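The block underneath contains the structure these notes are about, expressed in C-alpha coordinates.
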Amino acid sequence: MTKLKALNGFKDIVPGEVELWQHVENTARDIFARFSFSEIRMPILEKTELFARSIGEATDIVEKEMYTFVDKQITMRPEATASLLRAYIQHGLHVQKPVQRLFTIGPMFRHERPQKGRLRQFHQMDVEVLGASSPRVDAELMAMGALLLETLGIHVSLEMNSLGCPDCRPGFRKVLLDFIKERHGVLCDDCKRRSTTNPLRVLDCKNPVCREQVEEAPSIQDHLCDGCSEHFTAVQEGLNQLGVPYSLNKFMVRGLDYYSRTTFEFITTDLGAQAAVGAGGRYDGLVEQLGGSRNVPGIGFALGMERLILLLQQQEELSTPNVIDLFVVGLGEAASEFVFSLVHVLRKTGMQAAMDHEGRSLKSQMKQANKAGARFALIIGENELAEGMAVLRNMESQEQEEIGIGSNLEDISTLLVEKI
Ligand code: HAM
(Lines give C-alpha, C1' and ligand atoms only; values in the text may rest on other atoms or scores of the structure.)
Protein backbone atom coordinates (compact mmCIF):
# COMPACT_ATOMS: atom_id res chain seq x y z
CA MET A 1 0.00 0.00 0.00
CA THR A 2 1.30 3.47 -0.77
CA LYS A 3 1.92 5.62 2.27
CA LEU A 4 -0.17 8.75 2.51
CA LYS A 5 1.75 11.97 3.03
CA ALA A 6 0.82 15.46 4.15
CA LEU A 7 0.13 17.91 1.31
CA ASN A 8 2.96 19.87 -0.21
CA GLY A 9 3.47 23.02 1.89
CA PHE A 10 1.64 21.54 4.88
CA LYS A 11 3.67 20.22 7.79
CA ASP A 12 3.24 18.07 10.86
CA ILE A 13 4.88 19.32 14.02
CA VAL A 14 6.08 16.20 15.76
CA PRO A 15 7.37 15.53 19.30
CA GLY A 16 10.97 16.70 19.52
CA GLU A 17 10.07 19.78 17.49
CA VAL A 18 6.82 20.71 19.16
CA GLU A 19 8.66 21.62 22.38
CA LEU A 20 10.36 24.46 20.52
CA TRP A 21 6.98 25.68 19.28
CA GLN A 22 5.66 25.61 22.83
CA HIS A 23 8.69 27.55 24.02
CA VAL A 24 8.21 30.25 21.37
CA GLU A 25 4.50 30.47 22.09
CA ASN A 26 4.94 30.59 25.88
CA THR A 27 7.60 33.29 25.60
CA ALA A 28 5.29 35.32 23.37
CA ARG A 29 2.33 34.90 25.72
CA ASP A 30 4.46 36.09 28.63
CA ILE A 31 5.65 39.19 26.78
CA PHE A 32 2.22 40.01 25.34
CA ALA A 33 0.80 39.86 28.89
CA ARG A 34 3.48 42.28 30.11
CA PHE A 35 2.21 44.73 27.49
CA SER A 36 -1.46 44.17 28.52
CA PHE A 37 -2.59 42.20 25.46
CA SER A 38 -5.60 39.85 25.73
CA GLU A 39 -6.06 36.79 23.61
CA ILE A 40 -8.77 36.49 20.98
CA ARG A 41 -9.45 33.43 18.80
CA MET A 42 -11.28 33.60 15.51
CA PRO A 43 -12.53 30.94 13.10
CA ILE A 44 -10.36 29.88 10.18
CA LEU A 45 -13.10 30.30 7.58
CA GLU A 46 -14.45 33.73 6.72
CA LYS A 47 -16.41 35.26 3.88
CA THR A 48 -14.11 35.84 0.90
CA GLU A 49 -15.35 39.42 0.78
CA LEU A 50 -13.68 40.20 4.11
CA PHE A 51 -10.23 39.65 2.63
CA ALA A 52 -11.02 41.28 -0.70
CA ARG A 53 -12.21 44.41 1.12
CA SER A 54 -9.28 44.64 3.52
CA ILE A 55 -6.14 43.09 2.01
CA GLY A 56 -7.16 44.43 -1.43
CA GLU A 57 -8.42 42.93 -4.70
CA ALA A 58 -5.19 43.71 -6.55
CA THR A 59 -2.80 42.08 -4.07
CA ASP A 60 -0.99 38.79 -4.73
CA ILE A 61 -2.71 37.28 -1.70
CA VAL A 62 -6.25 37.99 -2.89
CA GLU A 63 -5.55 37.57 -6.61
CA LYS A 64 -3.78 34.24 -6.49
CA GLU A 65 -2.97 32.83 -3.06
CA MET A 66 -6.23 32.29 -1.24
CA TYR A 67 -7.79 28.93 -0.51
CA THR A 68 -11.36 29.72 -1.47
CA PHE A 69 -14.43 27.52 -1.67
CA VAL A 70 -15.68 29.29 -4.76
CA ASP A 71 -19.23 27.95 -4.64
CA LYS A 72 -19.69 29.06 -1.03
CA GLN A 73 -17.68 32.31 -1.32
CA ILE A 74 -15.73 31.50 1.82
CA THR A 75 -11.98 31.51 2.28
CA MET A 76 -9.46 30.03 4.70
CA ARG A 77 -7.90 33.08 6.32
CA PRO A 78 -4.58 34.08 4.70
CA GLU A 79 -3.74 36.35 7.67
CA ALA A 80 -5.27 37.36 10.99
CA THR A 81 -5.76 41.13 10.88
CA ALA A 82 -8.92 41.14 8.75
CA SER A 83 -10.61 38.43 10.85
CA LEU A 84 -9.59 40.11 14.09
CA LEU A 85 -11.06 43.43 12.97
CA ARG A 86 -14.23 41.67 11.81
CA ALA A 87 -14.56 40.17 15.31
CA TYR A 88 -13.74 43.51 16.96
CA ILE A 89 -16.52 45.23 15.01
CA GLN A 90 -19.01 42.36 15.36
CA HIS A 91 -18.69 42.23 19.15
CA GLY A 92 -18.51 45.98 19.66
CA LEU A 93 -15.22 45.57 21.53
CA HIS A 94 -14.57 49.32 21.35
CA VAL A 95 -17.44 49.80 23.81
CA GLN A 96 -15.74 47.64 26.44
CA LYS A 97 -12.48 49.56 26.23
CA PRO A 98 -11.56 52.56 24.11
CA VAL A 99 -8.20 50.97 23.35
CA GLN A 100 -8.12 47.24 22.72
CA ARG A 101 -4.85 45.34 22.72
CA LEU A 102 -5.46 41.92 21.24
CA PHE A 103 -3.33 39.00 20.15
CA THR A 104 -4.03 35.73 18.42
CA ILE A 105 -1.92 32.72 17.52
CA GLY A 106 -2.85 30.21 14.86
CA PRO A 107 -2.62 28.79 11.35
CA MET A 108 -2.99 30.88 8.17
CA PHE A 109 -3.26 29.61 4.60
CA ARG A 110 -1.71 30.94 1.39
CA HIS A 111 -1.24 29.03 -1.83
CA GLU A 112 2.36 30.12 -2.39
CA ARG A 113 5.24 28.12 -3.87
CA PRO A 114 6.59 26.24 -0.85
CA GLN A 115 10.24 26.70 0.05
CA LYS A 116 12.38 27.02 3.14
CA GLY A 117 10.43 29.23 5.56
CA ARG A 118 7.48 29.51 3.18
CA LEU A 119 4.56 27.16 3.65
CA ARG A 120 0.98 26.94 2.53
CA GLN A 121 -0.24 26.42 6.07
CA PHE A 122 1.89 28.57 8.34
CA HIS A 123 1.41 30.04 11.79
CA GLN A 124 1.38 33.61 12.91
CA MET A 125 1.54 35.26 16.30
CA ASP A 126 -0.43 38.39 15.55
CA VAL A 127 -0.95 41.47 17.72
CA GLU A 128 -3.20 44.43 17.07
CA VAL A 129 -3.88 47.67 18.96
CA LEU A 130 -7.21 49.27 18.09
CA GLY A 131 -8.25 52.75 19.04
CA ALA A 132 -4.83 54.38 19.48
CA SER A 133 -3.27 56.81 17.05
CA SER A 134 -0.35 58.04 19.14
CA PRO A 135 3.05 57.48 17.49
CA ARG A 136 4.16 56.23 20.91
CA VAL A 137 1.99 53.17 20.35
CA ASP A 138 3.83 52.47 17.07
CA ALA A 139 7.15 52.69 18.89
CA GLU A 140 5.89 50.64 21.83
CA LEU A 141 4.65 47.88 19.52
CA MET A 142 7.92 47.66 17.63
CA ALA A 143 9.76 47.66 20.96
CA MET A 144 7.60 44.75 22.09
CA GLY A 145 8.39 42.80 18.90
CA ALA A 146 12.08 43.53 19.34
CA LEU A 147 11.97 42.46 23.00
CA LEU A 148 10.23 39.19 22.13
CA LEU A 149 12.77 38.35 19.43
CA GLU A 150 15.65 39.31 21.70
CA THR A 151 14.23 37.17 24.50
CA LEU A 152 14.05 34.24 22.09
CA GLY A 153 17.68 34.88 21.12
CA ILE A 154 16.82 35.75 17.51
CA HIS A 155 18.85 38.49 15.88
CA VAL A 156 17.01 40.70 13.43
CA SER A 157 17.11 44.22 12.14
CA LEU A 158 14.06 46.45 12.25
CA GLU A 159 13.25 48.33 9.06
CA MET A 160 10.63 51.01 8.88
CA ASN A 161 8.85 53.24 6.41
CA SER A 162 5.77 55.44 6.26
CA LEU A 163 3.20 54.92 3.51
CA GLY A 164 1.44 58.21 4.17
CA CYS A 165 -2.32 58.56 4.14
CA PRO A 166 -5.10 59.03 1.56
CA ASP A 167 -4.21 62.74 1.54
CA CYS A 168 -0.57 62.42 0.59
CA ARG A 169 -0.15 59.01 -1.03
CA PRO A 170 -1.90 59.90 -4.34
CA GLY A 171 0.61 62.73 -4.81
CA PHE A 172 3.51 60.37 -4.30
CA ARG A 173 1.88 57.79 -6.57
CA LYS A 174 1.92 60.35 -9.40
CA VAL A 175 5.57 61.21 -8.84
CA LEU A 176 6.44 57.53 -8.73
CA LEU A 177 4.43 56.75 -11.86
CA ASP A 178 6.34 59.43 -13.79
CA PHE A 179 9.57 57.83 -12.61
CA ILE A 180 8.38 54.33 -13.56
CA LYS A 181 7.07 55.38 -16.99
CA GLU A 182 10.60 56.21 -18.11
CA ARG A 183 11.75 52.69 -17.21
CA HIS A 184 8.60 50.76 -18.04
CA GLY A 185 10.11 48.85 -20.98
CA VAL A 186 12.78 47.10 -18.91
CA LEU A 187 10.67 46.14 -15.90
CA CYS A 188 9.55 42.54 -15.33
CA ASP A 189 6.07 41.53 -16.52
CA ASP A 190 4.68 41.64 -12.99
CA CYS A 191 5.90 45.20 -12.51
CA LYS A 192 4.56 46.27 -15.90
CA ARG A 193 1.16 45.10 -14.73
CA ARG A 194 1.61 46.52 -11.22
CA SER A 195 2.56 49.95 -12.55
CA THR A 196 -1.10 50.44 -13.44
CA THR A 197 -2.77 48.54 -10.58
CA ASN A 198 -0.45 49.19 -7.66
CA PRO A 199 2.68 51.13 -8.65
CA LEU A 200 4.11 51.22 -5.13
CA ARG A 201 4.66 47.46 -5.36
CA VAL A 202 7.26 48.06 -8.07
CA LEU A 203 9.46 49.42 -5.29
CA ASP A 204 9.75 46.07 -3.53
CA CYS A 205 10.00 43.76 -6.55
CA LYS A 206 12.66 41.10 -5.94
CA ASN A 207 13.72 40.93 -9.61
CA PRO A 208 17.33 42.23 -9.81
CA VAL A 209 16.65 44.28 -12.96
CA CYS A 210 13.66 46.01 -11.36
CA ARG A 211 15.67 46.55 -8.18
CA GLU A 212 18.38 48.32 -10.09
CA GLN A 213 15.84 50.43 -11.94
CA VAL A 214 14.15 51.68 -8.78
CA GLU A 215 17.37 52.31 -6.86
CA GLU A 216 17.04 56.06 -7.52
CA ALA A 217 13.26 56.13 -7.18
CA PRO A 218 11.72 59.01 -5.22
CA SER A 219 11.12 58.28 -1.53
CA ILE A 220 7.65 58.47 -0.09
CA GLN A 221 9.25 59.84 3.05
CA ASP A 222 9.89 63.08 1.12
CA HIS A 223 6.25 63.33 0.03
CA LEU A 224 4.38 62.96 3.31
CA CYS A 225 1.80 65.55 4.35
CA ASP A 226 2.51 67.49 7.55
CA GLY A 227 0.42 65.17 9.72
CA CYS A 228 2.10 62.01 8.43
CA SER A 229 5.53 63.56 8.53
CA GLU A 230 5.12 64.64 12.16
CA HIS A 231 3.79 61.22 13.07
CA PHE A 232 6.71 59.48 11.35
CA THR A 233 9.24 61.70 13.13
CA ALA A 234 7.56 61.06 16.47
CA VAL A 235 7.65 57.28 15.91
CA GLN A 236 11.39 57.52 15.34
CA GLU A 237 11.82 59.63 18.45
CA GLY A 238 9.85 57.04 20.40
CA LEU A 239 12.10 54.24 19.18
CA ASN A 240 15.19 56.28 20.04
CA GLN A 241 13.82 56.94 23.50
CA LEU A 242 13.21 53.23 24.09
CA GLY A 243 16.63 52.35 22.69
CA VAL A 244 15.29 50.21 19.84
CA PRO A 245 17.63 50.24 16.83
CA TYR A 246 16.00 50.60 13.39
CA SER A 247 16.72 51.77 9.90
CA LEU A 248 14.54 53.52 7.35
CA ASN A 249 13.72 51.67 4.14
CA LYS A 250 12.04 53.66 1.39
CA PHE A 251 11.44 50.49 -0.63
CA MET A 252 9.23 48.81 1.94
CA VAL A 253 5.63 49.02 0.74
CA ARG A 254 4.15 45.76 2.10
CA GLY A 255 1.98 43.34 0.15
CA LEU A 256 -1.35 44.23 1.75
CA ASP A 257 -3.33 47.31 0.78
CA TYR A 258 -4.69 48.37 4.15
CA TYR A 259 -1.63 50.14 5.50
CA SER A 260 -1.29 53.84 6.17
CA ARG A 261 1.58 55.70 7.80
CA THR A 262 4.01 53.44 9.72
CA THR A 263 5.04 50.09 8.22
CA PHE A 264 7.83 47.88 9.51
CA GLU A 265 9.51 44.52 9.14
CA PHE A 266 11.82 42.45 11.33
CA ILE A 267 14.44 41.19 8.90
CA THR A 268 16.93 38.34 9.13
CA THR A 269 19.81 37.56 6.81
CA ASP A 270 19.82 33.89 7.85
CA LEU A 271 16.85 32.49 5.95
CA GLY A 272 17.68 33.16 2.31
CA ALA A 273 14.83 34.68 0.36
CA GLN A 274 12.37 34.60 3.27
CA ALA A 275 13.92 37.57 5.05
CA ALA A 276 10.93 38.82 7.04
CA VAL A 277 10.34 37.03 10.32
CA GLY A 278 7.63 39.50 11.15
CA ALA A 279 5.93 42.52 9.69
CA GLY A 280 3.15 44.98 10.25
CA GLY A 281 2.04 48.54 10.29
CA ARG A 282 -0.69 51.05 10.87
CA TYR A 283 -4.08 50.81 9.13
CA ASP A 284 -6.04 53.81 10.33
CA GLY A 285 -8.99 53.61 7.89
CA LEU A 286 -9.52 49.87 7.96
CA VAL A 287 -12.09 49.53 10.76
CA GLU A 288 -14.36 51.99 8.99
CA GLN A 289 -13.73 50.30 5.63
CA LEU A 290 -14.98 47.05 7.16
CA GLY A 291 -18.18 48.63 8.44
CA GLY A 292 -17.02 49.65 11.94
CA SER A 293 -17.07 53.07 13.53
CA ARG A 294 -15.17 55.95 12.08
CA ASN A 295 -11.97 57.11 13.68
CA VAL A 296 -10.80 53.82 15.09
CA PRO A 297 -7.13 53.81 14.22
CA GLY A 298 -5.21 50.57 14.36
CA ILE A 299 -1.73 49.13 14.21
CA GLY A 300 -0.32 45.64 14.52
CA PHE A 301 2.16 43.08 13.33
CA ALA A 302 2.51 39.35 12.87
CA LEU A 303 5.49 37.08 13.42
CA GLY A 304 5.87 33.98 11.25
CA MET A 305 6.35 31.06 13.62
CA GLU A 306 7.92 28.66 11.09
CA ARG A 307 10.63 31.24 10.43
CA LEU A 308 11.28 31.76 14.14
CA ILE A 309 11.57 28.01 14.66
CA LEU A 310 13.94 27.61 11.69
CA LEU A 311 16.18 30.35 13.07
CA LEU A 312 16.23 28.78 16.52
CA GLN A 313 17.04 25.37 15.04
CA GLN A 314 19.75 26.89 12.86
CA GLN A 315 21.41 28.84 15.65
CA GLU A 316 22.38 25.84 17.69
CA GLU A 317 21.42 22.23 17.87
CA LEU A 318 18.71 22.95 20.33
CA SER A 319 17.78 19.54 21.48
CA THR A 320 14.98 19.89 23.92
CA PRO A 321 15.15 16.47 25.53
CA ASN A 322 11.97 15.12 26.90
CA VAL A 323 12.54 14.87 30.64
CA ILE A 324 10.39 13.10 33.19
CA ASP A 325 10.81 12.91 36.97
CA LEU A 326 10.47 9.22 37.59
CA PHE A 327 10.14 5.91 35.77
CA VAL A 328 8.66 3.24 38.01
CA VAL A 329 9.81 -0.27 37.10
CA GLY A 330 7.46 -3.06 38.15
CA LEU A 331 8.73 -6.62 37.79
CA GLY A 332 6.15 -9.38 37.72
CA GLU A 333 2.37 -9.14 37.71
CA ALA A 334 1.79 -8.20 41.37
CA ALA A 335 4.45 -5.48 41.30
CA SER A 336 3.13 -4.14 37.98
CA GLU A 337 -0.36 -3.88 39.41
CA PHE A 338 0.99 -2.01 42.43
CA VAL A 339 3.02 0.29 40.19
CA PHE A 340 -0.05 1.00 38.03
CA SER A 341 -1.80 2.56 41.07
CA LEU A 342 1.35 4.21 42.42
CA VAL A 343 2.10 6.00 39.14
CA HIS A 344 -1.41 7.43 39.06
CA VAL A 345 -1.07 8.78 42.62
CA LEU A 346 2.34 10.29 41.75
CA ARG A 347 0.86 11.97 38.69
CA LYS A 348 -1.97 13.38 40.82
CA THR A 349 0.62 15.04 43.07
CA GLY A 350 2.10 16.76 40.01
CA MET A 351 5.00 14.45 39.26
CA GLN A 352 5.83 13.39 35.70
CA ALA A 353 5.87 9.64 36.17
CA ALA A 354 5.84 6.78 33.67
CA MET A 355 5.80 2.97 33.65
CA ASP A 356 5.87 0.01 31.28
CA HIS A 357 2.63 -1.80 30.52
CA GLU A 358 4.01 -4.77 28.60
CA GLY A 359 5.63 -6.84 31.37
CA ARG A 360 9.13 -6.25 29.98
CA SER A 361 12.41 -7.33 31.62
CA LEU A 362 14.36 -5.13 34.05
CA LYS A 363 16.97 -4.40 31.38
CA SER A 364 14.38 -3.40 28.83
CA GLN A 365 12.47 -1.20 31.30
CA MET A 366 15.68 0.56 32.32
CA LYS A 367 16.29 1.28 28.63
CA GLN A 368 12.80 2.76 28.42
CA ALA A 369 13.53 4.91 31.50
CA ASN A 370 16.66 6.22 29.79
CA LYS A 371 14.83 7.00 26.58
CA ALA A 372 12.15 8.85 28.49
CA GLY A 373 14.88 11.01 30.02
CA ALA A 374 13.87 9.96 33.55
CA ARG A 375 15.85 11.64 36.30
CA PHE A 376 15.12 8.76 38.67
CA ALA A 377 13.94 5.16 38.43
CA LEU A 378 12.13 3.31 41.21
CA ILE A 379 12.51 -0.44 40.90
CA ILE A 380 9.96 -2.71 42.55
CA GLY A 381 10.24 -6.50 42.16
CA GLU A 382 7.96 -9.19 43.58
CA ASN A 383 10.28 -9.84 46.54
CA GLU A 384 10.85 -6.18 47.27
CA LEU A 385 7.12 -5.60 47.23
CA ALA A 386 6.56 -8.41 49.71
CA GLU A 387 9.26 -6.92 51.98
CA GLY A 388 7.97 -3.35 51.59
CA MET A 389 11.23 -2.25 49.93
CA ALA A 390 12.19 -0.64 46.64
CA VAL A 391 15.36 0.60 44.96
CA LEU A 392 15.58 4.27 44.00
CA ARG A 393 18.18 4.93 41.35
CA ASN A 394 19.51 8.34 40.32
CA MET A 395 19.80 7.90 36.56
CA GLU A 396 22.50 10.52 36.17
CA SER A 397 24.86 9.68 39.04
CA GLN A 398 23.80 6.01 38.95
CA GLU A 399 23.70 5.98 42.77
CA GLN A 400 21.11 3.65 44.27
CA GLU A 401 19.48 3.44 47.65
CA GLU A 402 16.98 1.11 49.19
CA ILE A 403 13.87 2.77 50.52
CA GLY A 404 11.06 1.42 52.64
CA ILE A 405 7.79 1.82 50.81
CA GLY A 406 5.05 0.21 52.90
CA SER A 407 1.71 -0.15 51.23
CA ASN A 408 0.18 3.32 51.57
CA LEU A 409 0.50 4.99 48.17
CA GLU A 410 0.14 8.54 49.54
CA ASP A 411 3.00 7.94 51.99
CA ILE A 412 5.21 6.60 49.21
CA SER A 413 4.33 9.59 47.10
CA THR A 414 5.26 12.01 49.93
CA LEU A 415 8.55 10.21 50.45
CA LEU A 416 9.39 10.32 46.73
CA VAL A 417 8.54 14.00 46.42
CA GLU A 418 11.08 14.63 49.23
CA LYS A 419 13.78 12.48 47.68
CA ILE A 420 13.72 13.53 44.06
P1 HAM B 1 2.58 39.50 6.19
O2 HAM B 1 3.80 40.30 5.87
O3 HAM B 1 1.81 38.98 5.02
O4 HAM B 1 1.67 40.43 7.09
O5 HAM B 1 2.93 38.28 7.11
C6 HAM B 1 3.57 38.48 8.36
C7 HAM B 1 4.61 37.42 8.60
O8 HAM B 1 4.03 36.11 8.44
C9 HAM B 1 5.74 37.42 7.58
O10 HAM B 1 6.73 38.36 7.93
C11 HAM B 1 6.26 36.00 7.68
O12 HAM B 1 7.14 35.86 8.76
C13 HAM B 1 5.00 35.21 7.93
N14 HAM B 1 4.52 34.57 6.70
C15 HAM B 1 3.78 35.14 5.71
N16 HAM B 1 3.54 34.25 4.73
C17 HAM B 1 4.15 33.09 5.08
C18 HAM B 1 4.27 31.79 4.50
N19 HAM B 1 3.69 31.49 3.33
N20 HAM B 1 5.00 30.85 5.15
C21 HAM B 1 5.58 31.13 6.34
N22 HAM B 1 5.49 32.33 6.95
C23 HAM B 1 4.78 33.31 6.34
C24 HAM B 1 0.46 40.05 7.57
O25 HAM B 1 -0.01 38.95 7.50
C26 HAM B 1 -0.24 41.16 8.33
N27 HAM B 1 -1.55 40.66 8.75
C28 HAM B 1 0.58 41.60 9.52
C29 HAM B 1 -0.09 42.67 10.29
C30 HAM B 1 -0.73 42.54 11.47
N31 HAM B 1 -0.20 43.92 9.93
C32 HAM B 1 -0.88 44.60 10.83
N33 HAM B 1 -1.21 43.74 11.77
Side-chain angles (χ1 to χ4, degrees), residues 8-11 13 21 24 28 32 37 40 42 46 50-51 54-56 59-62 64-67 76-86 88 100-130 132 137-138 141-142 144-145 148-149 152 154 156-161 163 201 204 252-268 270-287 290 297-311:
N8 193 15
F10 290 71
K11 236 179 120 269
I13 305 165
W21 283 76
V24 169
F32 295 161
F37 280 80
I40 180 167
M42 297 85 61
E46 297 275 0
L50 172 66
F51 304 114
S54 53
I55 299 170
T59 56
D60 284 353
I61 298 179
V62 172
K64 40 188 188 199
E65 294 171 0
M66 296 207 301
Y67 283 90
M76 290 166 79
R77 61 182 186 193
E79 56 115 46
T81 311
S83 311
L84 192 145
L85 262 58
R86 196 262 314 132
Y88 170 85
Q100 280 282 0
R101 294 169 163 249
L102 300 166
F103 81 89
T104 194
I105 300 177
M108 312 293 153
F109 303 84
R110 294 185 196 174
H111 191 266
E112 296 190 81
R113 200 164 43 79
Q115 48 177 257
K116 184 176 174 189
R118 190 161 77 191
L119 286 107
R120 290 178 170 171
Q121 176 178 330
F122 61 98
H123 297 75
Q124 284 185 344
M125 301 195 291
D126 180 276
V127 296
E128 312 289 350
V129 180
L130 290 153
V137 174
D138 305 38
L141 208 59
M142 283 183 255
M144 179 175 81
L148 171 53
L149 292 164
L152 288 169
I154 290 174
V156 291
S157 51
L158 171 61
E159 295 187 0
M160 184 174 56
N161 196 11
L163 292 184
R201 288 294 334 244
D204 78 344
M252 186 203 300
V253 296
R254 310 282 298 120
L256 304 94
D257 281 354
Y258 49 60
Y259 292 111
S260 58
R261 295 194 164 173
T262 317
T263 54
F264 55 95
E265 291 184 347
F266 293 103
I267 298 289
T268 174
D270 299 333
L271 281 182
Q274 309 314 314
V277 299
R282 189 164 267 293
Y283 44 81
D284 287 349
L286 187 55
V287 170
L290 289 175
I299 179 168
F301 70 85
L303 294 167
M305 293 189 76
E306 280 73 8
R307 296 186 188 173
L308 300 180
I309 302 289
L310 273 173
L311 286 170

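Bear in mind the structure is a predicted one, so any value in this text is a computation, not a measurement. As the structure lists them, so they are numbered: ligands from 1, and atoms in each ligand from 1.
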Q. Near ligand 1, which protein residues have a heavy atom under 4.0 Å away?
A. E79, T81, R110, E112, G117, R118, L119, F122, Q124, D126, E128, R254, L256, Y258, Y259, A276, V277, G278, A279, G280, G281, Y283, G300, F301, A302, G304, R307
Q. Is a side-chain donor or acceptor of R120 paired with a backbone partner of F10 at a separation under 3.5 angstrom?
A. no
(Q) Looking at E265 and R254, is there a salt bridge between them, counting it only when a charged N and a carboxylate O are closer than 4.0 Å? (A) yes
Q. P78 versus I55: any side-chain heavy-atom pair under 4.5 Å?
A. yes
Q: Measure up the F37 and F32 rings against each other and bin them: parallel (under 30°), tilted (30 to 60°), perpendicular (over 60°).
A: tilted
Q: Applying side chain to side chain donor-acceptor pair (under 3.5 Å), name anything that partners R261, two or more places apart in sequence or on another chain.
A: none
Q | Side chain to side chain, T263 and F301, heavy atoms closer than 4.5 Å | A | no
